[in-house]
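Encoded as structure tokens, the structure appears first; notes follow it.
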Amino acid sequence: MFITFEGIEGSGKTTQINLLYEYLKSKGYDVIKTREPGGTEIGEFLRDLLLNKDRHIAPKTELLLIMAIRAQHVKDVIIPAIKDKKIVLCDRFFDATYAYQGYGRGIDLKTIKFINNFVTEGITPDLTILIDYDVIDGLARRMNNTGHMDRFEKEGFSFHKKIRDAYLKLSQEHRERFLVLDGSESVEKIHKIIKDRVDSLINARGL
Ligand code: TMP
């Protein structure tokens, strides 16, 4: 089973993925936690380069680096884990590319779809959890937590607003796999909703 987490910077998705991971592990499930960009040795190496705020990276280069990371991640981590009947929790996946490189950077969505299909071999999440959150609050939370801004975080308000709107649009277009949650609710309340949804998905799949 493949579950992805999405949201703007500081939305709280990483906290929620960690909580769900611990919950599923405590119930004895074979679960792995991974992330994009990253998830493999080469992916983590390229992630550092991609997030470095002192580097100038053209939008098309950015897209291709992200897709190169995904190609390695899908082949080495995601497909083998799904084949082994593991539950895969992934912090961001292809919806982030439509949101950031498509709606954020302005790259044609059809081009993204074409390259994405090539690198993912058709892998689509069974469930995508979108934590929707206010842009200003998210960036402030991120700044408080880490004390610095990476190459994406340091983009202006209008960029991040486009990302938030894009995620909401994507969730409308793919209602069958999206669960949208209000990131201003308490961590416990959000975790409970996620747990309930994942439990029922596990039951429905007979895992
Ligand atoms: P993170 O801060 O959630 O770990 O994500 C790192 C950054 O990578 C985040 O600012 C969004 C960006 N990103 C893209 O621009 N496109 C993508 O496809 C993915 C997976 C991430």
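Every number for a ligand or one of its atoms is a count from 1 in the order of the listing.
Checking side-chain atoms of E153 against main-chain N and O of D150 turns up a donor-acceptor pair under 3.5 Å.
Side-chain contact check for H73 and T34: at least one donor-acceptor pair (N or O, by modelled atom type) lies under 3.5 Å.
Ligand 1 is approached by R70 to a heavy-atom distance shorter than 4.0 Å. Heavy atoms of R142 approach ligand 1 to within less than 4.0 angstrom.
Atom NZ of K154 has more than 12 neighbouring heavy atoms from other residues, nucleotides or ligands inside a 6.0 Å radius. Residue I42 places its CD1 atom among 12 or fewer non-hydrogen atoms of other residues, nucleotides or ligands, all under 6.0 Å distant.
Looking at atom 10 (O) of ligand 1, its nearest protein heavy atom turns out to be E9 OE2, 2.7 Å. When only non-hydrogen protein atoms are considered, atom 8 (O) of ligand 1 lies nearest to P37 CD, 3.5 Å. The nearest heavy-atom contact from the protein to atom 16 (N) of ligand 1 is Q101 OE1, 2.8 Å. Looking from atom 1 (P) of ligand 1 to the surrounding protein, the closest heavy atom is R92 NE, 3.5 Å. Annotation: atom 17 (C) of ligand 1 to nearest protein heavy atom, A96 CB, 3.6 Å.
Using a 4.0 Å cut-off to heavy atoms of I66, the atoms of ligand 1 that qualify are 14 (C), 15 (O), 16 (N), 17 (C), 18 (O). Atoms of ligand 1 found under 4.0 Å from any heavy atom of T97 (numbered from 1 in listed order, with element): 17 (C), 18 (O). Atoms of ligand 1 lying under 4.0 Å from any heavy atom of R47, numbered from 1 in the order shown and given with element: 1 (P), 4 (O).
At a 4.0 Å heavy-atom cut-off, ligand 1 does not touch T14 at all.
Among F93, F5, F152, F94, the residue whose heavy atom lies nearest to atom 12 (C) of ligand 1 is F152. Between H160, K154, E36, it is E36 that holds the heavy atom closest to atom 20 (C) of ligand 1.
Hydrophobic cluster membership is shared by L179 and I87, with clusters built from Ile, Leu, Val, Met, Phe, Trp and Tyr side chains linked at under 4.5 angstrom. Linking ILVMFWY side-chain heavy atoms closer than 4.5 Å, directly or via other members, places Y133 and I194 in two distinct hydrophobic clusters. At a threshold of 4.5 Å between side-chain heavy atoms, the hydrophobic network of Ile, Leu, Val, Met, Phe, Trp and Tyr places I131 and L201 in one connected group.
Side-chain contact check for L109 versus Y103: some heavy-atom pair is nearer than 4.5 Å. Counting heavy atoms from C-beta outward, I82 and I123 have side chains that approach closer than 4.5 Å.
Inclusion of E62 in the set of residues having an N or O under 3.5 Å from an N or O of ligand 1 is not warranted. Where the criterion is an N or O separation shorter than 3.5 Å, residue side chain and backbone included, E153 fails it with respect to ligand 1. At under 3.5 Å, a nitrogen or oxygen of K13, whether backbone or side chain, sits near a nitrogen or oxygen of ligand 1.
Distance check: R141 CZ to T15 OG1 gives 7.0 Å after rounding to the nearest 0.5 Å.
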